[in-house]
Undergrad: 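Encoded as structure tokens, here's the structure I'll be asking about.
The figures here come from the full heavy-atom set of this structure, side chains too, leaving out hydrogens, waters and symmetry mates. Numbering starts at 1 and runs along the sequence shown.
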Amino acid sequence: QVQLVESGGGLVQAGGSLRLSCAASGGIFSIGAMGWFRQAPGKEREFVAGISWSDARISSAESVKGRFTLFRDNAKNTVYLQMDSLKPEDTAVYYCALRSVRTIAGRIPNSSSEYRYWGQGTQVTVSS
């Protein structure tokens, strides 16, 4: 049973920084991709950033480019989301996701339906 454990959320003022982490454990035989999504109240879950596990290519949403950085510790099956220059509109519950199977051509999946395993979510609140 694959488990994803997230940590690092909290309350921060606009312009501040937070780092989220997500550690994968359990019956992991392979990782195709890992990603971060977020969901604000009354809104749909949206893709934030993802990484192709085989070659470490990264894809990010336009709304976070230049501010959020995804990186990983391959040996620990852990991904991190460094969030800088936070804005009030970044307020959401952030979810980590894992896909076991590599996509065709190694595309980084950016829709929630393409990921099978999910973390419990961690709240990020940015005050103005």
Undergrad: For the hydrophobic clusters of this structure (ILVMFWY residues joined by side-chain heavy atoms under 4.5 Å, transitively), does one cluster hold both Tyr115 and Val64?
TA: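 Unlinked, Tyr115 and Val64 end up in two clusters.
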
Undergrad: Say you draw a straight line from OH of Tyr94 to OG1 of Thr122; how long is it, rounded to the nearest 0.5 Å?
TA: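 Going from the OH atom of Tyr94 to the OG1 atom of Thr122 covers 10.5 Å.
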
Undergrad: Tell me, with the steps shown, if Glu6 and Ser21 meet side-chain contact (heavy atoms from CB on, under 4.5 Å).
TA: CA-CA 6 Å; Glu6 302 148 348; Ser21 65; over 6 Å; no

Undergrad: When rounded to the nearest 0.5 angstrom, what is the spacing between CE in Met34 and OG in Ser52?
TA: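 Here the interatomic distance stands at 12.5 Å.
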
Undergrad: Hey, could you give me the NZ/OG distance between Lys87 and Ser128, rounded to the nearest 0.5 Å?
TA: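 If I round to the nearest 0.5 Å, the distance is 14.0 Å.
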
Undergrad: To check you understand the geometry: which heavy-atom pair defines the closest contact between Leu4 and Cys22, and what is its length?
TA: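 That closest heavy-atom pairing would be CB-SG, 4.0 Å.
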
Undergrad: Could you check whether any side-chain heavy atom of Leu20 comes within less than 4.5 Å of a side-chain heavy atom of Val124, counting everything from C-beta outward?
TA: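 Side chain of Leu20 against side chain of Val124, heavy atoms only: contact under 4.5 Å found.
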
Undergrad: Just by distance, with hydrogens left out, do Asp84 and Ser17 show a side-chain donor and acceptor under 3.5 Å apart?
TA: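 Note: Asp84 and Ser17 side chains meet the donor-acceptor criterion.
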
Undergrad: Please confirm whether Phe37 and Trp118 have ring centers closer than 6.0 angstrom.
TA: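 Between Trp118 and Phe37, which both carry aromatic rings, the centre distance is below 6.0 Å.
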
Undergrad: First locate atom CD of Gln82, then atom CZ of Phe68, and finally report the distance between them rounded to the nearest 0.5 Å.
TA: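 Interatomic distance, Gln82 CD to Phe68 CZ, rounded to 0.5 Å: 9.5 Å.
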
Undergrad: At their closest point, which heavy atom of Lys76 faces which heavy atom of Thr78, and how far apart are they?
TA: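 Smallest interatomic distance, heavy atoms only, reads O-OG1, 3.0 Å.
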
Undergrad: Would you sort out whether Thr69 and Tyr80 count as a side-chain contact (heavy atoms from CB on, under 4.5 Å), showing the intermediate values?
TA: CA-CA 8 Å; Thr69 303; Tyr80 304 89; over 6 Å; no

Undergrad: If you round to the nearest 0.5 Å, how far is OG of Ser59 from CG of Asn110?
TA: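 It is 6.5 Å, given to the nearest 0.5 Å.
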
Undergrad: Same cluster or not: Ile51 versus Ile108, using hydrophobic residues (I, L, V, M, F, W, Y) connected whenever any side-chain heavy atoms lie under 4.5 Å apart?
TA: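 No; tracing contacts between hydrophobic side chains, which count when under 4.5 Å, never links both residues.
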
Undergrad: Let me check something: do Val93 and Val12 share a hydrophobic cluster, defined by ILVMFWY side-chain heavy atoms less than 4.5 Å apart, either directly or through other members?
TA: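 Different clusters.
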
Undergrad: Could you report the tightest heavy-atom contact between Ser60 and Ile58, atom names first, then the distance?
TA: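 Nearest pair, atom of Ser60 first, then Ile58: OG-CG2, 4.1 Å.
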
Undergrad: Closest approach of Ser100 and Tyr117, non-hydrogen atoms and distance?
TA: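 For Ser100 versus Tyr117, the nearest heavy atoms are OG-CE1, 3.5 Å.
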
Undergrad: Do side-chain atoms of Ser85 reach the backbone of Gly15 as a donor and acceptor pair under 3.5 angstrom?
TA: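 No; zero donor-acceptor contacts below 3.5 Å.
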
Undergrad: Test: salt bridge (charged side-chain N to carboxylate O under 4.0 Å, His left out). Region: residues 99-109. Which pairs qualify, not counting sequence neighbours?
TA: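 As it turns out, the salt bridge (charged side-chain N to carboxylate O under 4.0 Å, His left out) pairs with a partner in residues 99-109, which skip direct neighbours, are Arg107-Glu114.
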
Undergrad: Quick check with a 6.0 Å cut-off and a 45 degree axis cone: is Arg38 positioned over the face of Tyr95's six-membered ring?
TA: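 Ring-cation test returns no.
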
Undergrad: Same hydrophobic cluster for Leu86 and Leu70, using side-chain heavy-atom links shorter than 4.5 Å among ILVMFWY?
TA: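 Same cluster.
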
Undergrad: Please say yes or no: joined through hydrophobic side-chain contacts below 4.5 Å, possibly via intermediate residues, are Val48 and Leu98 part of one cluster?
TA: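 Per the 4.5 Å side-chain linkage, Val48 and Leu98 are co-clustered.
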
Undergrad: Side chains of Gln123 and Thr125 only: does a donor on one sit below 3.5 Å from an acceptor on the other?
TA: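 Thr125 and Gln123 do have a side-chain donor-acceptor pair below 3.5 Å.
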
Undergrad: How long is the straight-line distance from CD of Gln3 back to OG of Ser25, given to the nearest 0.5 Å?
TA: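 Rounded to the nearest 0.5 Å, the OG-CD separation comes to 5.0 Å.
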
Undergrad: Ignoring hydrogens, what is the shortest heavy-atom contact between Trp36 and Val79? Give both atom names and the distance.
TA: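 Where Trp36 meets Val79 most closely, the heavy atoms are NE1-CG2, 3.7 Å.
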
Undergrad: Are the side chain of Arg67 and the backbone of Ser63 linked by a donor-acceptor contact shorter than 3.5 Å?
TA: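 A pair under 3.5 Å: yes.
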
Undergrad: Of the non-hydrogen atoms in Pro109 and Ala33, which two are nearest, and what is the gap between them?
TA: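 Shortest heavy-atom contact: CD-CB, 3.8 Å.
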
